[in-house]
Amino acid sequence: MPFLIRYLKFMLMNTKILWADDEIDLLKPHILFLKSKGYDVIPAMSGMEALEILKTEFVNIIFLDENMPGLSGLETLQRLKKDYPHIPIVMITKSEEEHIMEDAIGSNIADYLIKPVNPNQILLCLKKNIDNKKLVSEKVTSNYQQSFRELSMRISDRLSVPEWEELYKELVNWELQIEKIEDESVTEMLAAQKEEANVQFCKFVQRNYLDWVNGRSEEKPLQSHTVLKEKLFPTLNEQKSTFLFVIDNLRYDQWRSIYPMVHDYYYIQDESLCYSILPTATHYARNALFSGLMPSMIAKKYPQFWLNEGDNGSKNQFEEQLLGEYLKRYGKNIKYSYHKILNADFAKKVFDNFHQMLNNPLNVIVFNFVDMLSHAGTDVNVVRELADDEKSYRSVTASWFANSVLFDMIKWLSERKIPVMITTDHGTIKVDRALKMVGERDLNTNLRYKVGRSSMDYPAKEVFEIKNPDDAFLPKENMTQRFIFATKSDFFAYQNNFNQYVNLYKNTFQHGGISMEEMMIPFVILAPKQ
């Protein structure tokens, strides 16, 4: 109980500073200045006295003189870091010797100041280390509120393909900034704006998609079946090796969340948003990526490499062969490798073989983790709780990447100055509204798109219908077959057991339909840092 009382008192007090310096009497002007700014300063004449004070006092930050008699500043620092690792420590010293700076900085100090220090230096140091979160929060909130009106006006305009890409990048940028300040009202404000953007984006896609895939539009995005030809093929060189990493199901915001780690080894030479074809699902989008063809064209040209919805077996088991045919069609008669990684053990085996792969002008490696994460979120309660919102979904992805063999591969390639490209086949969206539908027993299981006969019953005004699959270069197994796509954050649920479906799948991450998150996906070219 005494501990709890002391803690509650501490929470209600001004910011407390423990300042340890054997010449503390000379610092009275600084202490009075800080008190006038609302800070409480506890003086200590030695390192030992500082350690004794901390046994009974909570403090927010410690100022520590490096050159004290008895227990030196660096020795006190080691004791403090061991017993009070959560308290930021600022080292203050007269010496500018490099080894002292290195020892202090190597001990993970909050700041390093050289005497004589003036009051404003101290004040700046405190704001940076104590008030930083509050100041950043206020600034981000203010900046977003100023941008809100301008973003809303752009969302309501009839935007072009490049303008939609720029808008989505801006929304993601705000999302990544706002998640750090943990302001629920601003988070909800952005979520509502992003939802409205998705409403307009879905209308944009519905107006233009068939023109894009049929070549009837002068302005069309890079799509799954054209991106390698435009971005990868021009860079291929017999004398150099390039690595293409395809991270299945990687959204643009997830890419931006892992980029700070990549940035230590590579800089972005080009970051484009390309559009996944419909359906935004591995069966269609990734086969299109590796073949350079739309799905119905694959089925006609390479029937041995295409499986329809009702066929047994993996729908993506021929990606390596399709890539080989793609390269040949464009005169790229080069040696290449292809690996699909489903677990860490196989990833390590592939990594062990990297030296030999440097002899190939092209190496393609598919990582399936993010896709498995989204599916596990539906089936496994623990995973669902770990990634139950946008922020945690990004966080789990970043945590995986930081400890993955993929990151080890990227670091290894950076040391050897090997260019790297990163992309995906499609993204995902968190679904929250169920659309009732009725279909036959053999209907496909995906929640964001359905393939079936005209006997399917669904709210036609709420979906994007492609009544003739030929129009969208989709396989057509019978005369009455059609595709329907959920838009925004909707998902299909059968009329029978409707409530059960809703409880099971609401607030899970799904793909296959139309949304910014599913369709606008990153293609990044990375150049190694010299």
Side-chain angles (χ1 to χ4, degrees), residues 187-188 190-206 209 249 251 253 276 278-285 309 370-393 426-467 474 481-520:
T187 301
E188 291 174 358
L190 175 61
Q193 189 164 56
K194 196 174 172 190
E195 185 177 350
E196 176 57 27
N198 251 330
V199 170
Q200 299 304 323
F201 177 76
C202 292
K203 292 177 181 177
F204 169 69
V205 172
Q206 289 175 252
Y209 185 78
N249 228 345
R251 305 192 322 188
D253 61 326
S276 171
L278 296 176
T280 50
T282 304
H283 178 194
Y284 298 89
E309 289 279 357
V370 182
D371 185 58
M372 291 188 288
L373 173 65
S374 67
H375 288 298
T378 299
D379 303 325
V380 183
N381 286 334
V382 173
V383 177
R384 191 167 180 168
E385 290 178 14
L386 283 173
D388 68 340
D389 59 23
E390 307 286 354
K391 180 181 176 180
S392 59
Y393 194 38
H426 57 79
T428 57
I429 188 168
K430 187 178 180 182
V431 297
D432 63 12
R433 189 177 77 125
L435 301 177
K436 282 186 181 181
M437 72 163 300
V438 177
E440 295 161 354
R441 288 184 178 180
D442 60 350
L443 213 59
N444 65 305
T445 58
N446 189 286
L447 301 183
R448 292 279 289 166
Y449 80 93
K450 294 295 178 184
V451 188
R453 297 180 178 85
S454 56
S455 57
M456 283 192 300
D457 185 31
Y458 48 88
K461 292 182 180 180
E462 302 286 338
V463 306
F464 178 41
E465 297 175 302
I466 296 181
K467 293 182 179 179
L474 293 170
Q481 189 174 57
R482 63 181 60 190
F483 283 73
I484 59 170
F485 301 93
T487 62
K488 309 180 289 292
S489 56
D490 298 343
F491 66 100
F492 295 114
Y494 298 117
Q495 187 166 300
N496 294 337
N497 302 319
F498 180 76
N499 291 331
Q500 180 182 344
Y501 266 85
V502 172
N503 291 334
L504 184 60
Y505 295 115
K506 186 177 180 180
N507 295 326
T508 62
F509 289 89
Q510 303 293 334
H511 57 81
I514 304 174
S515 67
M516 296 184 297
E517 293 89 335
E518 290 164 289
M519 290 193 76
M520 282 198 275

Where do Thr187 and Lys391 land on the side-chain contact (heavy atoms from CB on, under 4.5 Å) test, with the steps shown first? CA-CA 11 Å; Thr187 301; Lys391 180 181 176 180; over 6 Å; no
One pair to check against salt bridge (Lys or Arg N to Asp or Glu O under 4.0 Å): Arg251 and Asp253. What are the steps and the verdict? CA-CA 5 Å; Arg251 305 192 322 188; Asp253 61 326; 2.8 Å; yes
Given side-chain contact (heavy atoms from CB on, under 4.5 Å), test Val463 with Leu435 step by step and report yes or no. CA-CA 9 Å; Val463 306; Leu435 301 177; 3.9 Å; yes
side-chain contact (heavy atoms from CB on, under 4.5 Å) evaluation trace for Leu278 with Tyr209: CA-CA 9 Å; Leu278 296 176; Tyr209 185 78; 3.7 Å; yes
Before you tell me yes or no, could you show the steps for Met437 and Phe498 under side-chain contact (heavy atoms from CB on, under 4.5 Å), namely the whole-Å CA-CA distance, both residues' side-chain angles and the distance that decides it to 0.1 Å? CA-CA 9 Å; Met437 72 163 300; Phe498 180 76; over 6 Å; no
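Of the possible donor and acceptor atoms, none in the side chain of Arg448 sits under 3.5 Å from a partner among the backbone N and O of Phe485. Judged by distance alone, with hydrogens and angles left aside, the side-chain atoms of His511 form no donor-acceptor pair with the main-chain N or O of Glu518 at under 3.5 Å. Looking at Asn444, its side chain does come within 3.5 Å of a backbone N or O of Val451 through a donor-acceptor pair.
The distance from atom NZ of Lys194 to atom CZ of Phe201, rounded to the nearest 0.5 Å, is 12.0 Å. The distance from atom NZ of Lys430 to atom NZ of Lys506, rounded to the nearest 0.5 Å, is 10.0 Å. For the atom pair His426 NE2 and Thr280 OG1, the distance stands at 7.0 Å (nearest 0.5 Å). The distance from atom OG1 of Thr487 to atom CD1 of Ile429, rounded to the nearest 0.5 Å, is 9.0 Å. Atom CG in Leu474 sits 14.0 Å away from atom CZ in Arg482 (nearest 0.5 Å). In this structure, OH in Tyr494 is found 8.0 Å from CG in Leu447, a value given to the nearest 0.5 Å.
No side-chain heavy atom of Phe491 sits under 4.5 Å from any side-chain heavy atom of Thr508. Under the 4.5 Å side-chain criterion, counting only non-hydrogen atoms from C-beta, Glu517 is in contact with Asn198. Looking at Phe483 and Pro279, their side chains come closer than 4.5 Å, going by heavy atoms from C-beta outward.
Ring-plane geometry between Tyr449 and Tyr284 is classed as perpendicular, the angle between the planes exceeding 60 degrees on a 0 to 90 degree scale with a lower cut at 30.
Counting heavy-atom neighbours within 6.0 Å of Glu195 CD, excluding the residue itself, gives a total of 12 or less.
Residues Phe509 and Tyr393 place their aromatic rings such that the two centres sit under 6.0 Å apart.
Between Ala434 and Val502, the shortest heavy-atom contact is CB-CG2, 3.6 Å.
The one candidate from Glu465, Gln495, Lys450, Lys436 that meets the side chain to side chain donor-acceptor pair (under 3.5 Å) condition with Tyr458 is Glu465.
Side-chain contact check for Ser489 and Asp432: at least one donor-acceptor pair (N or O, by modelled atom type) lies under 3.5 Å.
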